[in-house]
Protein chains: 2
Amino acid sequence: MRISTKGRYGLTIMIELAKNQGEGPTSLKTIAQANNLSEHYLEQLIAPLRNAGLVKSIRGAYGGYILADAPTKITAGDVIRVLEGPITLVEGIEDEEPAQRELWIRIRDAIKSVLDHTTLEDLASHSNDTETDGYMFYI
Amino acid sequence: MRISTKGRYGLTIMIELAKNQGEGPTSLKTIAQANNLSEHYLEQLIAPLRNAGLVKSIRGAYGGYILADAPTKITAGDVIRVLEGPITLVEGIEDEEPAQRELWIRIRDAIKSVLDHTTLEDLASHSNDTETDGYMFYI
DNA sequence: ATAAATACATAGTAATGTGATAGGCATTAG
DNA sequence: CTAATGCCTATCACATTACTATGTATTTAT
């Protein structure tokens with residue numbers, strides 16, 4: 001139950017685009033350098049985001065990417081769903097054991113609620129928070 | 001962001017033990033056959049549950065496993081935590097990008113709340129529900 | 001005592017996913 | 001034209017998953 005770097009880096013890209021919104025295209029090179037990530041790897045992550053219509057690309061020199069919609073209209077769920085795939089908490093659809101079904105449903109709903117109510121604007125506006133707590137990321 | 005069969009089958013074992021509570025030890029063979037699972041694989045899953053003190057083993061013929069505590073005292077979180085490891089939503093502890101921190105914290109808290117408030121008794125008492133909806137497992 | 005049933009242990013393995021790296025083609029501003 | 005950038009395909013090392021295989025140790029029923 002881990003969110004891979006796909007989703008995390010994808011969100012990083014989208015947050016950067018949200019911060020630069022209205023200022024012309026932002027290149028992946030810029031984002032990669034600012035976040036110390038591999039530009040080539042980010043290319044692979046933004047391809048599905050483009051195909052999903054979440055970003056628009058401007059090709060050629062001084063090109064880059066812009067958000068396809070306002071930061072208030074794009075949610076973390078939009079991004080995570082594209083990059084982490086059709087997220088299945090459990091795989092077996094015809095689960096022979098109904099005992100666990102309600103548990104997964106409750107967890108799914110909880111995650112879904114958070115993802116779909118957090119917009120890129122929410123995330124971009126917290127970029128300057130600095131408090132850190134490593135344990136916070138363990139369940 | 002998927003819960004593997006480790007966690008699922010582990011819960012299956014624990015739910016079976018909860019249902020048979022007070023009726024002597026239940027063998028893995030019985031549980032494996034009832035749920036159409038590999039007994040050998042279940043052996044590997046129950047080892048950490050035993051080491052964590054969630055179940056007790058009775059060796060020898062007509063032995064098996066019993067819950068180490070009442071089904072009302074053991075939560076889904078106890079089981080999932082043991083089998084899915086120290087669950088990290090994200091890995092980087094010293095995250096350079098604080099923008100996403102609050103998102104992961106919210107999701108973590110939501111999942112944690114569900115896992116820690118669902119007991120084996122809750123799960124065992126829903127064993128006979130039969131409604132099915134495949135889409136329910138996608139986020 | 002013996003045989004059956006069961007827990008306990010270790011190793012191997014095919015398939016898949018992750019997190020990249022490498023190289024090159026296509027497009028466009030200047 | 002040239003540099004900057006997007007776009008595309010391939011490859012790869014590593015870890016994880018979901019088992020399977022092959023035992024050994026322990027206890028009970030007979």
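Here is how names work: the chains are called A, B, and so on, in the same order as the sequence lines, proteins then strands, and each is numbered from 1.
The nearest whole Å value for the distance from the CG atom in B:Leu37 to the P atom in D:dC19 is 8 Å. Residue B:Arg8 contributes atom CZ, which lies 21 Å from atom P of D:dT16 at whole-angstrom precision. For the pair B:His40 NE2 and D:dT22 P, the interatomic distance rounds to 9 Å; values are reported in whole Å. Atom-to-atom, CD1 of A:Ile13 to P of C:dG19 comes out at 14 Å; the value is rounded to the nearest Å. Atom pair B:Arg59:CZ and D:dT24:P shows a separation of 14 Å (rounding to whole Å applied). For the pair B:Ile31 CD1 and C:dA5 P, the interatomic distance rounds to 18 Å; values are reported in whole Å. With rounding to whole Å, B:Glu39 atom CD is found 16 Å from C:dA9 atom P. B:Tyr62 has its OH atom 7 Å from the C1' atom of C:dA5, to the nearest Å.
Phosphate proximity of C:dG19 to A:Tyr9: absent, as no side-chain N or O sits under 4.0 Å from OP1 or OP2. The phosphate of D:dC7 has OP1 or OP2 within less than 4.0 Å of a side-chain N or O from A:Ser57. Note on A:Ser38: a side-chain N or O is less than 4.0 Å away from OP1 or OP2 of C:dT21. Taking only side-chain nitrogens and oxygens, A:Lys29 never comes nearer than 4.0 Å to OP1 or OP2 of D:dA4. Contact annotation: A:Lys6 side-chain N/O to C:dT18 OP1/OP2 distance is under 4.0 Å.
For the pair B:Glu39 (side chain) and B:Ala32 (backbone), a donor-acceptor distance under 3.5 Å is absent. When atom types are taken as modelled, the side chain of B:Asp78 and the backbone of B:Thr75 share a donor-acceptor pair closer than 3.5 angstrom.
In this structure, A:Leu28 reaches the sugar-phosphate backbone alone: every heavy-atom distance under 4.0 Å involves primed, P, OP1 or OP2 atoms, never a base. Residue contacts shown for A:Ile58 are limited to sugar-phosphate atoms, with no base heavy atom under 4.0 Å away.
At a cut-off of 3.5 angstrom, counting only N and O atoms as typed in the model, there is no donor on one side facing an acceptor on the other between the side-chain of B:Glu43 and the base of C:dT10.
Residue A:Ala61 places its side chain closer to D:dA3 than to any other of D:dA25, D:dA3, D:dG6. Set against D:dC8, C:dA26, C:dA20, the side chain of A:Tyr41 has C:dA20 as its closest nucleotide. Taking the side chain of A:Ser4 as heavy atoms from C-beta on, and the options C:dT28, C:dT18, C:dT6, the nearest nucleotide is C:dT18. For A:Gln44, the listed nucleotide lying nearest its side chain is D:dA10; candidates were D:dT20, D:dA10, C:dT6.
In this structure the side chain of A:Ile31 reaches within 4.5 angstrom of the side chain of A:Leu17, judged on heavy atoms. The shortest distance between side-chain heavy atoms of B:Leu83 and B:Arg8 does not fall below 4.5 Å. Contact check for A:Tyr65 versus A:Leu42: no side-chain heavy atoms found under the 4.5 Å cut-off.
When each of A:Gly60 and A:Ala47 is assigned the nucleotide of DNA chain D with its nearest heavy atom, A:Gly60 is the one assigned upstream, toward the 5' end.
Taking every heavy atom of both residues into account, A:Ala76 and B:Leu103 meet most closely at CB-CD2, 3.8 Å.
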